[in-house]
Undergrad: 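Following this message is one structure expressed as structure tokens.
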Amino acid sequence: MLPIRMLVLAVCTAALSAQCAPPSVISITEPFNSTHYLGTPTPPSPYPGFAHVFDVVVDTDVTITRMECLLYDDGVNPSQIGNTATVEIWLTPGSYVPNVLNQAAWFQLATGTLTVAASSAPSPIVFTPGFTLPVGTWGVSVLVQGTTAPQTNFGPLHPLVRIPCISAGNPAGCTMNPPLAVRDQFLDISAAGIQRYAWVSGASSLAINLRIFYAPGANAAYYQEHGTGCYRLSSSFYEWVRIPGGQSDFNGVGIALTPAPTHYNVGPASAAIAPVSSAPLQNALGTAQLGANESSAPLTLPFTFNYPAGTVGPLGTSQIVVSSNGGIWLGGSGSGVAFNNNVPSFLLTPARLAVFWGSLDPSVATGSGSVHYDVDPANQFVTVTWQGVQEWTGTRGGPPMTFQAALFANGLVELRYGNTYTTRTSALVGFTPGGGDLDPGSRDLVVAGAVPPFASPDGAMPLHLAGGNRPVIGRTFDIRTDSIRAGATAGVLAFGTQGLYPGVSLAPFGMPPIGASECLQHVALPAQSAFFLITGPSASVMFPIPNVPAFNGVRLEYQSFVLSPGLNPIGLIASNGLCVTAGLQ
């Protein structure tokens, strides 16, 4: 254990900072995300407004000064940009669910003013003065009234929401909703949804776009993470083929994805496209040839296809779903949604091969070509071929594209390209295990017509230091080190009175960067240390906080160091920093 202590005490002190603020914003969807707006086909009279609804557990009183939502009142709906509307905050004890149609079970807490912004920007709701959300468990209704005369185009407003399965051709039961719950140290929000007509219609569990800005009390205890731990790696890789593009540099190129336990070894392969012998794939409902923004029904492979998922180890699937837009879902569900410059959705959703994921149209009415799924007679590989498919334009006659993916029983993947191009929309080529993987950034998979070999990242997560609870005076504060890699045996928790923002590189001490991930020192000298043993992916150190009022506002900085062999010359990695402020509440 001595070498760890010596390292912590050997690093030089650098410029200090007093940065350490409590959380002040929480967002149900981050970033805001939407596929549809909520219309008003048969509004009651008088119009009651719509409502964002959710349940919340409040750990200590917070003062809310502002919210933001996302509206669509500048497009199909007449523009109301700049108009204002009244917003009412209503509470009911417990949960909104049994009382969503019973206004008598609620009480109004506050009133604010919403200013309509363009659909590409959040619409602010300002509360002057702010209002206090008290400790307890509450159902909340953020009720947005319509705009009124004499404002231009006054009337109901229309929230932007996210609806699962945005194409009728998607498989039954698929879901593209992000989580409808979020929590931080002060607020635990769940069951978020929306009421088309407040107090009148039931609440739908659609993904809503609502951001809340707040301030805890002056004596609130809190912790704040800062900086990053090492090493932060992704399991994904991709090239974002941007427009304006024209003919892409993938033409005539083959790419091999050779599986290793934690990653793919990427390199060149033959570009020869195997002949197609199957009929065109049908949409998921089996009613027509696969068309624009559609996906196939699950296709059963003649083998279990294993793909790397970082340090989790290989994952396997016996089914795939093929998207008309140039992608393959590695599993029994997926959608035909096009790539519209949305890398986060690529990383968030289930595992996928982006063969040439763009906006393609193999439909009979407006597009060209077809998509095919062929099985090797010996059941050793399958091919998925986009044959003569054009970019989506809404009319037939675009240049045809042909490309293919081959999936082998041993886990090998070959991507083969004939003609590909981007003129109207961008495209994406690569792989992700999905599930919210980290964004590794776009890389050139093809350079001057060749595929430079590389090993894709192995998905190592950075060492992460967090608080298990708030550091309230008179209680025991739990400091938890997470994302500990297998093989780690022991660690040390360093702590002192001042932090280093954004941190000082530990590369001179045998902890060099890996890619864009760097090991940094976040606690300034002088520092103390507490050792701990490791028996799994998480380890905790408990700090009792004396019940002494004078400790209110006392601040300490923490950072973990863990013996983790194999990642750098000294086998040691560092966590992010954690600023901890003790409080009476």
Side-chain angles (χ1 to χ4, degrees), residues 31 33-37 72 74-76 118-120 160 162 166-170 176 238-253 255 273 280-281 283 288-296 322-329 334-347 349 352-372 384-405 415-430 432 441-446:
N33 202 334
S34 59
T35 61
H36 291 68
Y37 73 92
Y72 186 56
D74 60 343
V76 173
S119 57
S120 59
L160 280 163
R162 186 166 181 86
I166 64 173
S167 166
N170 286 334
M176 296 291 290
Y238 65 87
E239 178 176 342
W240 186 348
V241 187
R242 301 173 187 261
I243 57 170
Q247 297 298 313
S248 81
D249 57 1
F250 287 85
N251 295 353
V253 169
I255 303 175
I273 293 176
L281 274 177
N283 62 28
Q289 177 178 315
L290 197 63
N293 292 341
E294 290 188 331
S295 58
S296 72
V322 175
S323 164
S324 62
N325 284 308
I328 299 173
W329 300 90
S335 78
V337 66
F339 175 64
N340 290 312
N341 304 335
N342 191 349
V343 171
S345 73
F346 172 65
L347 301 168
T349 51
R352 184 183 343 184
L353 286 165
V355 189
F356 199 78
W357 178 35
S359 182
L360 311 182
D361 188 4
S363 62
V364 173
T366 60
S368 68
S370 51
V371 185
H372 299 262
V384 179
T385 309
W386 289 261
Q387 182 167 275
V389 178
Q390 67 177 62
E391 261 190 332
W392 185 89
T393 63
T395 59
R396 295 176 60 87
M401 287 187 275
T402 297
F403 52 92
Q404 183 180 79
L415 308 179
R416 304 158 180 169
Y417 297 91
N419 182 53
T420 56
Y421 63 91
T422 57
T423 57
R424 292 174 58 88
T425 60
S426 299
L428 204 71
V429 176
T432 181
S442 179
R443 65 180 302 152
D444 285 334
L445 299 178
V446 179

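Keep in mind that what you see is a predicted model, and the values were worked out from it rather than measured.
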Undergrad: If we count only N and O atoms by modelled type, under 3.5 Å, do the side chains of T423 and E391 hold a donor and an acceptor together?
TA: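 Distance-only check passes for T423 and E391.
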Undergrad: Does E239 use its side chain to pair, donor to acceptor, with the backbone of L445 at less than 3.5 Å?
TA: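 Side chain of E239 to backbone of L445, a donor-acceptor pair under 3.5 Å: yes, one is there.
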Undergrad: For the backbone of H372 and the side chain of W386, can you confirm whether one donor and one acceptor N or O come within less than 3.5 Å of each other?
TA: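 Flag not set: sc W386 to bb H372 has no pair under 3.5 Å.
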Undergrad: For N419 and T402, which I'm curious about, is there any donor-acceptor pair between the side chains at under 3.5 Å?
TA: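 No, no side-chain donor-acceptor pair sits under 3.5 Å.
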Undergrad: With rounding to the nearest 0.5 angstrom, report the CG to CG distance, L160 to N33.
TA: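 Those atoms lie 10.5 Å apart.
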Undergrad: Could you tell me if T420 and S248 have a donor-acceptor pair between their side chains, going purely by distance under 3.5 Å?
TA: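 There is such a pair between these side chains.
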Undergrad: Looking at V355, is its backbone amide N or carbonyl O close enough to the side chain of Y417 to form a donor-acceptor pair, meaning the two atoms are under 3.5 Å apart?
TA: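 Side chain of Y417 to backbone of V355, a donor-acceptor pair under 3.5 Å: yes, one is there.
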Undergrad: V429 pairs by side chain to side chain contact (heavy atoms under 4.5 Å, CB included) with which of Y238, W240, F250?
TA: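 Looking at Y238, W240, F250, the match for V429 under the side chain to side chain contact (heavy atoms under 4.5 Å, CB included) is F250.
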Undergrad: Please check: side-chain N/O of S323 versus main-chain N/O of N325, any donor-acceptor pairing under 3.5 Å?
TA: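 The answer is yes, because a donor-acceptor pair under 3.5 Å joins these two groups.
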Undergrad: Using only atom types and a distance under 3.5 Å, with no angle test, would you say the side chain of Q404 pairs donor to acceptor with the backbone of T385?
TA: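 Not a single qualifying donor-acceptor pair exists.
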Undergrad: Nearest 0.5 Å please: distance from the CD atom of Q390 over to the OG atom of S359.
TA: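 Rounded to the nearest 0.5 Å, the CD-OG separation comes to 10.5 Å.
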Undergrad: If we ignore hydrogens and angles and just use 3.5 Å, is the side chain of T366 paired with the main-chain N or O of R396 as donor and acceptor?
TA: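 Side chain of T366 to backbone of R396: no pair is present.
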Undergrad: Is there side-chain contact between Q289 and L281, with heavy atoms separated by less than 4.5 Å?
TA: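 Not in contact.
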